[in-house]
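Sequence lines set the chain letters: A, B, ... in the order given, protein chains first and strands last, and positions in each chain run from 1.
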There are 2 protein chains.
Amino acid sequence: MPTDKLRTALVDDHPIVIEGLKMLLQNEENVKVVGGFGNGDTFLAYLKQNRVDLVLLDITLPGINGMDLCKMIKNESLTTIILVLSNHTERSIIMQTIQNGASGYLLKNSSVDELRNCISEALKGNICFSKEVIDIISRPSKNQLQGRPQLTRREKQILALLAEGKTSQNIADELFLSPLTVDTHRKNLIQKFEVKNVAGLIMAATQQQLL
Amino acid sequence: MPTDKLRTALVDDHPIVIEGLKMLLQNEENVKVVGGFGNGDTFLAYLKQNRVDLVLLDITLPGINGMDLCKMIKNESLTTIILVLSNHTERSIIMQTIQNGASGYLLKNSSVDELRNCISEALKGNICFSKEVIDIISRPSKNQLQGRPQLTRREKQILALLAEGKTSQNIADELFLSPLTVDTHRKNLIQKFEVKNVAGLIMAATQQQLL
DNA sequence: TATAAAATACCTAAAAATCAGTAGAAAAAA
DNA sequence: TTTTTTCTACTGATTTTTAGGTATTTTATA
């Protein structure tokens, strides 16, 4: 644990949010706000020249978005801890920020306590979410709710091969089937997923995590 | 917080693991192991008849796999807290267990301390990972590492429409372009992603989270 | 063992996609 | 203001997919 205060940066395109966070963090004894930035580029430029221990990040930003920014920050400075503070409630966004290196995700209406708690958890190397975010993550997604088609073994197999970009002929050769049979399975898949072609099929299947 | 001990179930197809966990948890004052199960079906049957507060789950199971089992458990008993204890180190698997309702994911070589800590975090409603798992989550995935193609604005736009299952003609109509132009973009996309057709394209693009 | 579900295979014809190029205009970057 | 990139559009030939179906054989399941 560093004896110094945490050199903390705020990245948000709303000056009011920046000011508000500054006020809130003022009282934290182990935090020192070293800057507020309205977009990713100016922050990255700062990061190249200065040490930053902690950054509170918004997702919606002019130019580079917060998700991509996470990756770039980690690329520049692996030790900088990222907490995302956003209003986005889509699970995919939350997941991706974490995959891109963030140590936590809070909604902007989180309490100061939650923020404080997440900072301390993140410092310990943990990943931390605010309560509402945990609800979002745990709640089944729309894609999963909408009845997913029941696939047979063969269909799953052929679906996987289609996803690899193989033609009916390729697949037929591989599975020792007639290409016409493969066509039939392909047709049934397209029907089951209620899509128009293989492109839509692959898309629907990945969304339902069948690939 | 319940004054009773946590009614805890273990689901793993290795009897040795079950026994080991029983031994470890024996000393925990707030935990009472109510059963060990070798597969998902027998556990679900038990869950229908008995209250279970906590379940430690393996991913690799005969029959229903652990990821799907998470959903079924939550479906049956929303209050049952699920911790996954597995050897799988693929990020997609970790992510999906969480999306399916698990409150934490630990590798089997985790320390008892970590397990104890995760249990208490999970009880508080938090999501908790063991150290190695956090590393896996934060580490950029293979898919993301391998040079992702640089797409132009038009290409991204057409890629998205292709993913919806639209034909070149559809897209051309929508964007007021010649279908031949759309064909060119499509061709360039296929080249950039080094795939053979649109199916492979959609697959590659989703893997690199471009869709 | 009936019965249902899955897997196999075929037909015809139209629609769409892919390959392998070229090339001018517009926009963005140096 | 060059230079480069992106966007646009085309030719022509070939391959593949898609949309209607039908129909027999296996394999599970009741």
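Counting heavy-atom neighbours within 6.0 Å of Glu76(B) CD, excluding the residue itself, gives a total above 12. Counting heavy atoms of neighbouring residues, nucleotides and ligands inside a 6.0 Å radius, atom NZ of Lys192(A) exceeds 12 of them.
When the C1' atom of dC19(C) is taken as reference, atom CG of Asp183(B) falls 11 Å away, rounded to whole Å. Residue Leu180(B) contributes atom CG, which lies 6 Å from atom C1' of dA9(D) at whole-angstrom precision.
Between the side chains of Asn100(A) and Thr97(A), no donor N or O sits under 3.5 Å from an acceptor N or O. A side-chain donor-acceptor contact under 3.5 Å links Ser86(A) and Tyr105(A).
Note that the CG atom of Leu21(B) and the CD1 atom of Ile18(B) stand 7.5 Å from one another [nearest 0.5 Å].
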Please set out all donor-acceptor pairs under 3.5 angstrom arising from side-chain atoms of residues 165-172 of chain A, sequence neighbours excluded.
residue   : atom : partner   : partner atom : Å
Lys166(A) : NZ   : Glu164(A) : OE1          : 2.8
Lys166(A) : NZ   : Glu174(A) : OE1          : 3.1
Thr167(A) : OG1  : Gln169(A) : N            : 3.4
Thr167(A) : OG1  : Asn170(A) : N            : 3.1
Thr167(A) : OG1  : Asn170(A) : OD1          : 3.2
Ser168(A) : OG   : Asp183(A) : OD1          : 2.8
Ser168(A) : OG   : Arg186(A) : NE           : 3.2
Ser168(A) : OG   : Arg186(A) : NH2          : 2.7
Gln169(A) : NE2  : Asp173(A) : OD1          : 3.1
Asn170(A) : OD1  : Thr167(A) : N            : 3.0

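Contacts between residues 154-179 of chain A and DNA chain D, counted as heavy-atom distances below 4.0 Å, involve Thr167(A), Ser168(A). Contacts of residues 184-198 of chain A with DNA chain C (heavy atom under 4.0 Å): Thr184(A), His185(A).
One finds no salt bridge joining Asp53(A) and Lys5(A) here, because no Lys/Arg side-chain nitrogen approaches an Asp/Glu carboxylate oxygen to under 4.0 Å.
For dT8(C), neither phosphate oxygen OP1 nor OP2 lies less than 4.0 angstrom from any side-chain nitrogen or oxygen of Thr181(A).
Of all the heavy atoms in Val52(B) and Ala9(B), the pair that sits closest is CG1-CB, 4.0 Å.
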